[in-house]
Peer 1: 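The structure under discussion is supplied below as structure tokens; questions concerning it will follow.
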Amino acid sequence: AQTVTQSQPEMSVQEAETVTLSCTYDTSESDYYLFWYKQPPSRQMILVIRQEAYKQQNATENRFSVNFQKAAKSFSLKISDSQLGDAAMYFCAYQITYTSGTYKYIFGTGTRLKVLA
Amino acid sequence: EAGVAQSPRYKIIEKRQSVAFWCNPISGHATLYWYQQILGQGPKLLIQFQNNGVVDDSQLPKDRFSAERLKGVDSTLKIQPAKLEDSAVYLCASSLDGLLTDTQYFGPGTRLTVL
């Protein structure tokens, strides 16, 4: 069964510094998608970044980048130049694909990121 | 474009009472998802609709939970009767067609407290 593990319940980072959030997953599939979602205190989940497993190049979105290690089944999120607005819960998610072509997400338990001024 | 709308935002009920949540997805989105997010955990998929058909309801406690999406647009999720362990945030999400390259957009959620 596919599982997603986030081993850091909480992380802190100083404003303008860099922080890395960890995520590992378990799957027997060879082609899949991985995601990082951000959930601010208002609780609306927002997509931060996505990675396609067949692409070796790590995805980047402005200050957000991932370190995707397919063999190790590791998918960490790096936030550079941290800002106060980055404070939120961050969820790693793995996409399971049905035979019909539709899909669903399996989420990790989340990492709460605190940004210190 | 308007996002996913949910109501109510908060609901407090006593155990054994009934409650219903409403979701209006982004216009044109065929796929709709209901998640349960218990405090300290990640969202768990309860049910997924493709238009008005159910794709996956394997984790929906069908003895007390029900959901419908009659015209392939709005959806309601009902709990009857509620238990203490149903206290959670219920998130609705939608995506364009539910295919591999799709992205899910989430609503603000409904926080349910069962006393």
Side-chain angles (χ1 to χ4, degrees), chain A residues 1-10 21-25 29-55 59 61 75 88-112, chain B residues 2-11 21 23 25-26 29-51 53-60 88-112:
Chain A
Q2 292 91 346
T3 58
V4 176
T5 302
Q6 293 180 251
S7 58
Q8 306 154 315
E10 190 171 292
L21 309 183
S22 301
C23 174
T24 59
Y25 59 95
E29 303 292 324
S30 59
D31 192 16
Y32 47 88
Y33 284 76
L34 295 161
F35 303 82
W36 278 98
Y37 273 86
K38 171 184 177 181
Q39 190 175 42
S42 66
R43 304 203 74 87
Q44 190 142 8
M45 300 266 281
I46 304 166
L47 177 65
V48 175
I49 199 165
R50 62 188 281 164
Q51 174 77 42
E52 299 168 58
Y54 66 88
K55 287 188 176 180
E61 287 288 342
F75 181 61
M89 282 291 286
Y90 286 82
F91 290 97
C92 177
Y94 169 91
Q95 183 172 292
I96 295 175
T97 305
Y98 300 110
T99 54
S100 63
T102 57
Y103 69 91
K104 71 176 182 182
Y105 290 163
I106 301 295
F107 284 91
T109 52
T111 296
R112 181 174 302 281
Chain B
V4 177
Q6 289 188 249
S7 67
R9 292 295 310 276
Y10 304 91
K11 189 74 177 178
F21 312 128
C23 173
I26 292 173
H29 280 196
T31 313
L32 186 146
Y33 313 80
W34 281 103
Y35 290 89
Q36 180 191 58
Q37 186 178 17
I38 293 173
L39 185 65
Q41 300 181 19
K44 181 183 80 173
L45 181 69
L46 292 176
I47 188 166
Q48 177 180 342
F49 292 95
Q50 185 75 12
N51 295 307
V54 175
V55 175
D56 185 345
D57 62 357
S58 57
Q59 297 196 85
L60 186 74
V89 175
Y90 291 85
L91 297 169
C92 179
S94 71
S95 65
L96 187 60
D97 52 19
L99 298 181
L100 194 62
T101 56
D102 216 359
T103 296
Q104 290 190 24
Y105 296 88
F106 286 80
T110 296
R111 181 184 295 277
L112 173 67

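Residue numbers start from 1 in every chain, and the chains themselves are labelled A, B, ... in the order their sequence lines are given, proteins ahead of strands. Side-chain atoms are counted along with the backbone in the values below, which use heavy atoms only and exclude waters and symmetry mates.
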Peer 1: Hey, which of Y105(A), Y37(A), F91(A) has the most heavy atom pairs under 4.5 Å with chain B?
Peer 2: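 When all of Y105(A), Y37(A), F91(A) are compared, Y105(A) has the most.
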Peer 1: I want to check something: taking the side chain as every heavy atom from C-beta on, are Q6(B) and F21(B) in contact at a cut-off of under 4.5 Å?
Peer 2: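 SC-SC contact between Q6(B) and F21(B) ruled out.
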Peer 1: With chain A as the partner, which of G42(B), G109(B), A93(B), P43(B) has the greatest number of non-hydrogen pairs under 4.5 Å?
Peer 2: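 If we count pairs closer than 4.5 Å to chain A, P43(B) comes out on top.
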Peer 1: Heavy-atom pairs under 4.5 Å with chain A - which of D56(B), L45(B), V4(B) has more of them than the others?
Peer 2: D56(B)
Peer 1: Taking side chain as everything from C-beta outward and backbone as N, CA, C, O, which of these in Q6(A) sits under 4.5 Å from a heavy atom of chain B? Side chain, backbone, both or neither.
Peer 2: neither
Peer 1: Quick one: side chain to side chain contact (heavy atoms under 4.5 Å, CB included) partners of I106(A), sequence neighbours excluded?
Peer 2: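 By the side chain to side chain contact (heavy atoms under 4.5 Å, CB included) rule, I106(A) matches V4(A), I96(A), K104(A).
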Peer 1: Between Y32(A) and Y94(A), what is the ring plane arrangement, given parallel below 30°, perpendicular above 60°, and tilted in between?
Peer 2: tilted
Peer 1: Can you check whether T31(B) reaches Q48(B) side chain to side chain, under 4.5 Å on heavy atoms?
Peer 2: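 They are in contact (side-chain heavy atoms under 4.5 Å apart), so the answer is yes.
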